[in-house]
Participant: 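Following this message is one structure expressed as structure tokens.
Just so you know, ligand 1 is whichever comes first in the structure, and atom 1 is the first atom listed for that ligand.
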Amino acid sequence: MRRFPDEFIWGAATASYQIEGAVHEDGRGPSIWDVFSHTPGKVVDGHTGDVACDHYHRYREDVAIMADLGLQAYRFSVAWPRVQPGGSGPANPAGLDFYDRLVDELLARGIAPIATLYHWDLPAELDWRDRATADRFAEYAALVYGRLGDRVGTWTTLNEPWVSAFVGYGSGRHAPGIADPAAAFTAAHHLLRAHALGVRALRAGGAREVSLTLNLSPMIGDPSVTTLIDGLANRLFLDPALRGGYPEDVLAHIAKFTDLDEPLFEPIDLLGINYYTVNRLAADPASPGHLEYPGSEGIAWLPPHGEPTEMGWEVIPSGLYDLLMRLTRDYPGTPLMITENGCAYPDTIQNGQVPDPARIAYLEGHFQAAHQAITDGAPLRGYLVWSLLDNFEWARGYHKRFGLIHVGYDSLERLPKSSAHWYREVIARNGLASN
Ligand code: FCB
């Protein structure tokens, strides 16, 4: 039996464009993901978020499911183009009304709302290559805080700015679909600026707990190759956000592509960690490198060890332990929360149930790793599973099912998987039956 600290928070996470649907309702404007997903060839099988899980209309049912699981917190994101269609100007009250209703429903069920302001659905009129987008973001943050700040205690500025910058502008696999290394660095810089200005706006309103969520990944391999990739993936965001400045070696590398001025710095109260897997790296002079890590020629990404998830990602809970201990050592003083962890498998309904033993094993292994890290001193406050629902998995469309809850995309019916029932027991005992 492994018990977690009494005040430990268990929950689940989602993101607006991945679940809401209702893209034309109540004055919502287009986002870069509407444009991208409607561009032929960008998303597998032409899937879009037009309907998604129809959470916009079914949020009451979804909150009831969360309550039934015993979730203590729910991390959702606010769609900027619902709140501020076009990305500037006054708020659209009807857009804010939706989140107002959602927050009230959560609170009525005793579930703490954790609001992320930006999970990739940028108003289509804006672009992270423009410095002014950071100013627009701060204005938008103030609008959302103005409406929900009396009831939402924990705020997150951005979800995974690395992905926004390097997948959106480096490889172009995600919206807005640009492949230009200099633009990727510029976008990263502006996202960090938006984060800092967003923190200021939230604090000016009186926010209690402000955070940033990063996707962080340990690097496995020789330091001659891991240092650069760790710099580009992890330290490029950790250092400005937690220490206030770019790491020297990373800045020297970026100078080969573009010039950046000093990053803005605003301290945060909590660091959100999205952890899925590790990167295995090796020196290979013949390797062209990876577009999402500009300047990585000569470095090769090695295949996963063992049976990967349906995303092709290695299952390696020790990576989570190592990451938590590294953050505790290198960036002391910042409380941590796992804001995403989970896995996709090809789940199917069998006799009215969705058996997903591989997901249970995945989560159990990672919960054990988190527990060990807490025992060894990591200031880990909570664990939010990705995801509550099967949903629109970005460029992979609806093919990858990450949910604790199965969603039938024709019927839109929700059906808790075996892992959801298992998770309910973990939460109820605040721990694992296993050791
Ligand atoms: C993360 C995203 C999340 C989801 C998971 C699988 O990078 O934040 O929206 O797609 O990956």
Participant: Pairing donors with acceptors under 3.5 angstrom, does anything connect the side chains of Ser217 and Tyr276?
Facilitator: no
Participant: Is there a nitrogen or oxygen of Trp120 sitting under 3.5 Å from a nitrogen or oxygen of ligand 1?
Facilitator: no
Participant: Among protein heavy atoms, which sits nearest to atom 7 (O) of ligand 1, and what does the distance come to when rounded to 0.1 Å?
Facilitator: Glu160 OE1, 2.6 Å
Participant: Of the backbone atoms (N, CA, C, O) and the side-chain heavy atoms from C-beta on, which set of Asn159 has a member under 4.0 Å from an atom of ligand 1: side chain, backbone, both, or neither?
Facilitator: side chain
Participant: Is atom CD of Glu297 surrounded by more than 12 heavy atoms (other residues, nucleotides or ligands) closer than 6.0 Å?
Facilitator: yes
Participant: To which of Phe402, Tyr276, Trp394, Tyr17 does the heavy atom nearest atom 5 (C) of ligand 1 belong?
Facilitator: Tyr276
Participant: Under 4.0 Å from a heavy atom of His119: give me the atoms of ligand 1 that qualify, with their elements.
Facilitator: 2 (C), 3 (C), 8 (O), 9 (O)
Participant: Considering non-hydrogen atoms of the protein only, which is the closest contact for atom 3 (C) of ligand 1, and what is the distance?
Facilitator: Glu340 OE1, 3.3 Å
Participant: Provide, to 0.1 Å, the distance between atom 10 (O) of ligand 1 and the closest protein heavy atom, together with that atom's residue and name.
Facilitator: Glu393 OE1, 2.7 Å
Participant: Can you tell which part of Met311 has a heavy atom less than 4.0 Å from ligand 1: side chain, backbone, both or neither?
Facilitator: neither
Participant: Given Trp120, which partner from the list Trp128, Trp394, Trp162, Trp80 fulfils the ring pair (Phe, Tyr, Trp, His ring centres under 6.0 Å) test?
Facilitator: Trp394
Participant: Does NZ or CZ of Arg28 come closer than 6.0 Å to the centre of the six-membered ring of Tyr56, within 45° of the ring's axis?
Facilitator: no
Participant: Should the pair His399 and His47 be assigned to parallel (<30°), tilted (30 to 60°) or perpendicular (>60°) ring geometry?
Facilitator: parallel
Participant: Just checking, is any N or O donor in the side chain of Asn159 or Thr116 under 3.5 Å from an acceptor N or O on the other one?
Facilitator: no
